[in-house]
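Each chain gets a letter, A, B and so on, in the order the sequences are listed, and its residues count up from 1.
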Amino acid sequence: MDVLRITTSGSVDDGKSTLIGRLLYDTKSITQDKMEALQAASKRKGLDFTDLSLLTDGLIAEREQGITIDVAHIYFSTPNRKYIIADTPGHFEYTRNMVTGASTAQVSLILIDARKGIVEQTYRHFFIACMLRIPHLVVCINKMDLVEYDEARYNQIVEDFQQLLPGSFYDGKEVKCIPISSLYGENVVTRTEKISWYKGLPLLEFLEEIQFDRNDRNHPARFPIQYVIRPKTEQFHDFRGFAGKIASGSFSVGDTIVSLPNEQKSKIKSIEKFGEQLQDAHAGESVVITLEDEIDISRGNLLVKEGQPQPEGLREVKAQICWMDQNKLTPGKTYLLQHGPTRIKSKVQQIVNVTEVTTNRIEEKTEMGLNDIGRIVLKTAQPVFADKYEINPANGTFILVDEFSNATVAVGFIE
Amino acid sequence: MSSIQWQFPRALEDEAIYILRETAAQFERPAILFSGGKDSITLVRLAQKAFYPGKIPFPLLHVDTGHNFPETIEFRDWLVETLGLELIVRNVQDSINQGKVKEETGKYASRNALQTVTLLDAIEELKFDACIGGARRDEEKARAKERIFSVRDEFGQWNAKMQRPELFDMLNGKINIGENVRVFPISNWTELDVWNYIREEELAIPSIYFSHEREIIERDGMYWPFSPYLNTTEEEVPFRSKVRFRTVGDMTCTAAVLSEADKLEDIIEEILAAKISERGARIDDKRSEAAMEKRKQAGYF
């Protein structure tokens, strides 16, 4: 059984919570007690309808203000697959939480209110989906009931949206548009007569069909070492295993590996999972690898395969970053660069530019504040063995950690 | 649809093992918060897998309220013995004796909220910097908001509005002395995922999860296990019935469900057909709409 991760985004009041509520309701994932609690809470708030957003706005502050502040993770299953929805906030001031929720998604679902069409937030969400290179993009044009299910209106919005595509990550890729009404559950899980002019699949059926080819399995092999297992027990006296999750590609028993940064070579003796011996293992799998030679490897080393393109040891990192901290980025200040399990001191050398994400305009700026997205250059104390994000996303990102506050202040995509 | 079609998604196991290894690598003294329930039993299996053939590099910490089901304690001791684990127990009764907390009174008295103080004291005494818990985001709406590495201040408080962004699978466990991190490796699992995992891995679980006959009383439309810890009124007369528990907390805050399910397959079928959520049987969650969030702010796991 596979897991499909979706991020939903949209502007305030475009019906995002209702859509999620509808998906859960129609897949029978809301139990009776939760439904009753929702009805009671809606009544207490003086509403004359059941407010499904109360289902996902889990924090007191969110319910008070009626807005989503932080990501909620929501789950439902069909017999076919398990779905994880990262429900992200729509407000600009929580852009960092949008990026947080979107970072693991295979599908970006953008909602548009049929009455309003494309709004400022649509550009922002589209920009984030492009920046993260989320493989699939689905645009739900919601509240079709409020525009009398007008086909022309729908076509106009689709056309407007397509204007965004040329030159973007989604240029030439399939972008799915679906007319829906979350309030009445039309085209969400079931089809509707009212939108008979739409010949495509309803949202859930479309999600069920998405083939997310694990591209990361075709990329060059990368295995960051998380932990060295040395039991020193009688039974496993000489056992020395390297534990980690394969970031990309595949490894097989007998492969010649190179350990970075020390560039030592050896052959894979075994690949194990809780005592089970595997012949090979692929991206996403947590395994233990043993080698034929006793070479010096510890946490933070990266195993790659001989004969495949190897990542360059970067001393100067050029990256697009999203700044996520209240304190501004300070050029010249050192931050810890965390790339997989490795933490390396780094210094911000230069802010190259900042992008105004709603217009895609690039501006030269000397500072970056909360929610800004821009390009920087970092100098690192030791080489970083990363790939370019566009070539191998699994080995192409990092976070910056403030040494004093310990906060995660930025996420970066290596260019 | 038959439960047999529902398989456990193995990607979730890979993710949980990754999180456990990060915890072992990033912290000095992590511990597994062990209640004897299905989620913490699952954590123990995942930790075995993460470090095999090495031993689990964390002790188990059980905060014993003194109101546990005897079957759970029996199971706990059996598991620890069988797997050769290190178990640390701290008792809520001690916190009561020290005057740090006060026993609740009345019909709904429970030690559930009191255990937070015992937990925080144990963390301070034993200098744990990471506590691994079996909480899942699908359980409750405040939990749905929590990060996998959830930083707590020196008073154990969760600040929901100040959470660190968590991107891709990069986990930032850097903290100051006195703070600690609650780690949730099975955040992305659902109740059904846990049951399917238990079935596929053939894990042993306490007998109270399976249908059995026991004394119960009916209160507020729920079936409460009858025990010396429950303050009953004269009208509340215990009777015997076939029940099981969906979640294992204290005998004073966990309601039973009427059930004939005595096999894992039947339990899974029952959950698939259930109209009531798992925490619908947790009396502790019913105190207010924000009961869980408020407890978490106070340091609850």
Among [options], single out the residue with the greatest number of heavy-atom pairs under 4.5 Å to chain A.
options                                : result
B:Asn188, B:Leu12, B:Ile175            : B:Asn188
B:Ala50, B:Pro165, B:Pro9              : B:Pro165
B:Val151, B:Asp169, B:Leu167           : B:Leu167
B:Asp193, B:Asn172, B:Leu171, B:Leu192 : B:Asn172
B:Ala25, B:Pro53, B:Ala144             : B:Pro53
B:Lys49, B:Lys145, B:Glu22             : B:Lys145

Residues of residues 127-138 of chain B near chain A, each having a heavy atom less than 4.5 Å away:
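Contacts with chain A: B:Arg137, B:Asp138.
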In terms of heavy-atom proximity below 4.5 Å to chain B, should [X] be classed as side chain, backbone, both, or neither?
X        : value
A:Ile74  : neither
A:Ala72  : both
A:Val287 : backbone
A:Ile399 : both
A:Asn97  : side chain

List the steps, then state whether salt bridge (Lys or Arg N to Asp or Glu O under 4.0 Å) holds for B:Arg147 with B:Glu166.
CA-CA 7 Å; B:Arg147 300 284 192 260; B:Glu166 211 157 66; 5.3 Å; no
Does A:Lys45 NZ have over 12 foreign heavy atoms under 6.0 Å away?
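Yes.
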If you draw a 6.0 Å radius around CD in A:Gln277, do more than 12 non-hydrogen atoms from other residues or ligands fall strictly inside?
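Atom CD in A:Gln277 is crowded, with more than 12 foreign heavy atoms closer than 6.0 Å.
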Heavy-atom pair count under 4.5 Å with chain B, highest-scoring of [options]:
options                             : result
A:Glu36, A:Gln226, A:Gln32          : A:Gln226
A:Pro231, A:Gly101, A:Ser103        : A:Ser103
A:Gly275, A:Gly241, A:Pro341        : A:Gly275
A:Arg230, A:Arg96, A:Lys82          : A:Lys82
A:Ile30, A:Thr397, A:Thr104         : A:Thr397
A:Leu336, A:Val3, A:Val71, A:Thr233 : A:Val71

Relative to chain A, which segment of [X] carries a heavy atom at a distance below 4.5 Å: side chain, backbone, both, or neither?
X        : answer
B:Asn176 : both
B:Gln26  : side chain
B:Ala16  : neither
B:Lys55  : neither

Pairing donors with acceptors under 3.5 angstrom, does anything connect the side chains of A:His339 and A:Asn395?
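Yes - a donor-acceptor pair under 3.5 Å links their side chains.
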Consider salt bridge (charged side-chain N to carboxylate O under 4.0 Å, His left out). Of A:Arg217, A:Lys273, A:Lys245, which one does A:Glu285 pass it with?
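The passing option is A:Lys273.
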Taking all heavy atoms of A:Arg81 and all of A:Glu208, pick out the closest pair and write down the distance.
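Heavy-atom minimum between the residues: NH1-O, 3.4 Å.
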Evaluate the criterion ring-ring contact (aromatic ring centres under 6.0 Å, His included) for residue pair A:Phe398 and A:Tyr389; output intermediate values, then yes/no.
CA-CA 10 Å; A:Phe398 60 86; A:Tyr389 184 71; over 10 Å; no
Looking only at the aromatic ring of each residue, does the gap between the centers of B:Phe58 and B:Phe27 stay below 6.0 angstrom?
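No: the rings miss the under 6.0 Å criterion.
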Which word best sums up how the rings of B:Phe8 and B:Trp189 line up, parallel for under 30°, tilted for 30 to 60°, or perpendicular for over 60°?
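B:Phe8 vs B:Trp189 ring planes: tilted.
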Measure from NZ or CZ of B:Arg143 to the centre of the six-membered ring of B:Phe184, then state whether that distance is under 6.0 Å and the direction lies within 45° of the axis.
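Here B:Arg143 fails the 6.0 Å and 45° test against B:Phe184.
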For A:Tyr335, which residues count as a ring-ring contact (aromatic ring centres under 6.0 Å, His included) partner, sequence neighbours excluded?
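Counting only residues at least two positions away or on another chain, A:Tyr335 forms a ring-ring contact (aromatic ring centres under 6.0 Å, His included) with A:Trp323.
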Partner residues of B:Phe245 under the ring-ring contact (aromatic ring centres under 6.0 Å, His included) criterion, sequence neighbours left out
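B:Phe245: ring-ring contact (aromatic ring centres under 6.0 Å, His included) contacts with B:Phe69.
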Quick one: do B:Phe51 and A:Tyr227 satisfy ring-ring contact (aromatic ring centres under 6.0 Å, His included)? Show the steps, please.
CA-CA 9 Å; B:Phe51 303 102; A:Tyr227 195 83; 5.2 Å; yes
Given the rule in the salt bridge (Lys or Arg N to Asp or Glu O under 4.0 Å) test, do B:Glu270 and B:Arg244 qualify, once you have shown the distances and angles that lead to the verdict?
CA-CA 11 Å; B:Glu270 200 178 272; B:Arg244 63 173 213 90; 3.0 Å; yes
Non-neighbouring partners of B:Glu200 that pass side chain to side chain donor-acceptor pair (under 3.5 Å), sequence neighbours left out:
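With neighbours one apart ignored, the set is B:Arg10.
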Intermediate values then yes/no, side-chain contact (heavy atoms from CB on, under 4.5 Å), A:Thr290 and A:Glu272:
CA-CA 8 Å; A:Thr290 67; A:Glu272 306 179 13; 4.2 Å; yes
